[in-house]
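Inspection log for the structure reproduced underneath, given as C-alpha cells.
Please read these numbers as outputs of a predicted model, since none were measured by experiment. Throughout, protein chains are lettered first and strands after them, A, B, ... in sequence-line order, and every chain is numbered starting at 1.
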Protein chains: 2
Amino acid sequence: MTIKEVCEKFDITPDTLRYYERVGVIPEVHRTKGGIRDFTDEDVAWVENAICMRSAGVPVEMLIEYVRLYQEGDGTFQARRDVLEEARQEVQKNIEKYQATLDRLNFKISRYDVAIKTGVLSWDDCKEE
Amino acid sequence: MTIKEVCEKFDITPDTLRYYERVGVIPEVHRTKGGIRDFTDEDVAWVENAICMRSAGVPVEMLIEYVRLYQEGDGTFQARRDVLEEARQEVQKNIEKYQATLDRLNFKISRYDVAIKTGVLSWDDCKEE
DNA sequence: TATTGACTTGGAGTTAACTCCAAGTTGTAG
DNA sequence: CTACAACTTGGAGTTAACTCCAAGTCAATA
C-alpha cells in the first residue's frame with residue numbers, strides 16, 4: 001500500500017505519516033527496493049492505532065515510548081501495559097471533563113433558547129452570560 | 001479578589017489569566033484605583049467558564065468570539081447561541097472519539113493482562129501490538 | 001529513453017496556547 | 001518614609017504537533 005493510499009484511508013497528509021515514522025510514533029515502514037514506502041497490513045494497523053490514540057489526545061511522546069518498548073521485545077509486557085494504563089487514565093479523565101463542559105453548554109444553550117423567544121436572558125443563579 | 005486568589009482557586013498561573021484578559025477570552029477585569037486587578041464575582045464567573053471550556057478543548061478563538069458578541073449587547077442572542085452550539089458539537093464529537101479510544105485501550109490492556117500471566121501476547125484478529 | 005508526476009530526505013517554518021522576562025508601579029509592614 | 005513583595009505592561013520565547021519546502025530519486029507512460 002502506498003503512502004497516498006494510507007493517507008486517503010485515514011484522511012491525513014503524507015507529511016504527518018512521514019513525521020510519525022521519523023519520530024517513532026509508528027515503527028519503520030516497509031520499503032520497495034527503490035526506498036519508497038510500501039505499507040504492509042501491520043504497518044497500516046500501527047497507523048490506525050496511532051491515529052486513534054492521537055484523536056483522543058494521547059501524546060506523541062507516549063506513543064513513541066510504547067513503540068520503543070514493543071521493539072525491545074517480550075520482556076516489556078508490563079512496561080507496555082503501564083504506558084497503556086497511563087493513557088487510559090488520561091483519556092478517562094478527559095471524558096469526564098468534556099462531559100462536564102457538555103452539560104454546561106447544554107444549560108447555556110437552553111437559556112439562550114428562552115432568551116431568543118422572550119428577548120430576555122434569564123439570570124437565575126448564574127452570574128455570567 | 002486578587003489575581004493570586006483567583007489563580008489559587010482555579011489552579012492556574014497569573015500569566016494565563018492576564019493572557020486570557022489580554023486576548024479577550026474574558027472581558028476586562030475590574031481594577032483598583034492603582035490599576036491592580038480586583039476580580040468581582042462576575043469576573044470570577046467568566047474565568048470559571050473560560051477554564052471549563054478550555055479544559056474541554058474549546059478553542060480560545062471561540063471564547064473570544066463569544067465575549068465579543070456578549071459585549072455587543074442583547075441583539076446577539078442568536079449569534080451567541082450559534083457559537084455555543086458549534087462548541088457543543090465539537091465537544092460531543094470529541095467525547096465519542098475519546099470513548100472509542102478508551103474502548104481500544106481497555107481491550108489492549110486486557111490482552112496485556114493475559115500476556116503478563118501467560119508470557120504470550122495473543123494475536124486474535126488484531127494485527128498490531 | 002525521455003518526460004512527468006509521485007516519492008524521498010533533512011531541515012526550516014507554522015500554529016495555538018501559553019509562559020517567561022525586564023523594567024517599572026503599587027501597597028503594606030515596620 | 002522606606003523596604004520589599006506583589007502587582008503592572010509589552011513583548012519575546014517555548015512547546016507540541018504538525019506542515020511546508022527545496023533538491024533530488026524513482027517509476028510508469030509515450
message: Any base atoms under 4.0 Å from B:Pro14, or only sugar-phosphate, or nothing? Heavy atoms, all strands.
response: nothing
Can I get a per-line list of side-chain donor-acceptor pairs under 3.5 Å for residues 103-112 of chain A, giving both atom names and the distance, sequence neighbours left out?
{"from": "A:Asp103", "atom 1": "OD1", "to": "A:Gln99", "atom 2": "NE2", "distance (Å)": "3.3"}
{"from": "A:Arg104", "atom 1": "NH1", "to": "B:Asn49", "atom 2": "OD1", "distance (Å)": "3.1"}
{"from": "A:Arg104", "atom 1": "NH2", "to": "B:Glu48", "atom 2": "OE2", "distance (Å)": "3.3"}
{"from": "A:Asn106", "atom 1": "ND2", "to": "A:Leu102", "atom 2": "O", "distance (Å)": "3.3"}
{"from": "A:Lys108", "atom 1": "NZ", "to": "A:Glu128", "atom 2": "OE2", "distance (Å)": "2.5"}
{"from": "A:Lys108", "atom 1": "NZ", "to": "A:Glu129", "atom 2": "O", "distance (Å)": "3.3"}
{"from": "A:Ser110", "atom 1": "OG", "to": "A:Phe107", "atom 2": "O", "distance (Å)": "2.7"}
{"from": "A:Arg111", "atom 1": "NH1", "to": "A:Ser122", "atom 2": "O", "distance (Å)": "2.1"}
{"from": "A:Tyr112", "atom 1": "OH", "to": "A:Glu129", "atom 2": "O", "distance (Å)": "3.3"}
{"from": "A:Tyr112", "atom 1": "OH", "to": "B:Tyr66", "atom 2": "OH", "distance (Å)": "2.8"}
{"from": "A:Tyr112", "atom 1": "OH", "to": "B:Arg80", "atom 2": "NH1", "distance (Å)": "2.8"}

Set of ring pair (Phe, Tyr, Trp, His ring centres under 6.0 Å) partners for B:Tyr98, sequence neighbours left out: A:Tyr98
- request: Would you mind reading off the distance between A:Met1 atom CE and C:dA6 atom C1', rounded to a whole angstrom?
  value: 16 Å
statement: side chain to side chain contact (heavy atoms under 4.5 Å, CB included) filter on B:Asp82, not counting sequence neighbours, yields B:Gln78
query: For DNA chain C, what residues of residues 15-34 of chain A have any heavy atom nearer than 4.0 Å?
result: A:Arg18, A:Arg22, A:Arg31
message: Could you work out, with salt bridge (Lys or Arg N to Asp or Glu O under 4.0 Å) as the rule, every residue matching B:Glu90, not counting sequence neighbours?
response: B:Lys93
message: List the residues meeting ring pair (Phe, Tyr, Trp, His ring centres under 6.0 Å) with B:Phe39, not counting sequence neighbours, and say none if there are none.
response: none
query: Which parts of residues 44-57 of chain A get close to DNA chain C, meaning a heavy atom less than 4.0 angstrom away?
result: none
- prompt: Quick one: are B:Asp43 and B:Ile26 in side-chain contact, heavy atoms under 4.5 Å?
  reply: no
Test salt bridge (Lys or Arg N to Asp or Glu O under 4.0 Å) applied to A:Arg54 - qualifying residues, sequence neighbours left out: none
query: First and last nucleotide of DNA chain D in contact with chain B, 5' to 3', at under 4.0 Å to a heavy atom: what are they?
result: D:dC7 to D:dG11
- request: Please answer: with hydrophobic residues joined when any side-chain heavy atoms are less than 4.5 Å apart, are A:Ile12 and A:Ile64 in the same cluster?
  value: yes
task: For B:Val25 and B:Val67, work out which heavy atoms get closest and say how close.
output: O-CG2, 3.3 Å
statement: Residues in residues 87-95 of chain B with a heavy atom under 4.0 Å of DNA chain D, by number, are none
- request: Just jot down the salt bridge (Lys or Arg N to Asp or Glu O under 4.0 Å) partners of B:Asp113, sequence neighbours excluded, or say none.
  value: A:Arg81
message: Is there a side-chain contact between A:Gln92 and A:Arg88 in this structure, where contact means two heavy atoms from C-beta onward sitting under 4.5 Å apart?
response: yes
message: Within the 4.5 Å heavy-atom criterion, are A:Met1 and A:Lys9 side-chain neighbours or not?
response: yes
query: When you match A:Gly35 and B:Ile36 each to their closest nucleotide on DNA chain D, which lands nearer the 5' end?
result: B:Ile36
- request: Check salt bridge (Lys or Arg N to Asp or Glu O under 4.0 Å) between B:Glu65 and all other residues, then give those that pass, not counting sequence neighbours.
  value: B:Arg68
- prompt: Between A:Lys4 and B:Glu61, who's closer to the 5' end of DNA chain C by nearest nucleotide?
  reply: A:Lys4
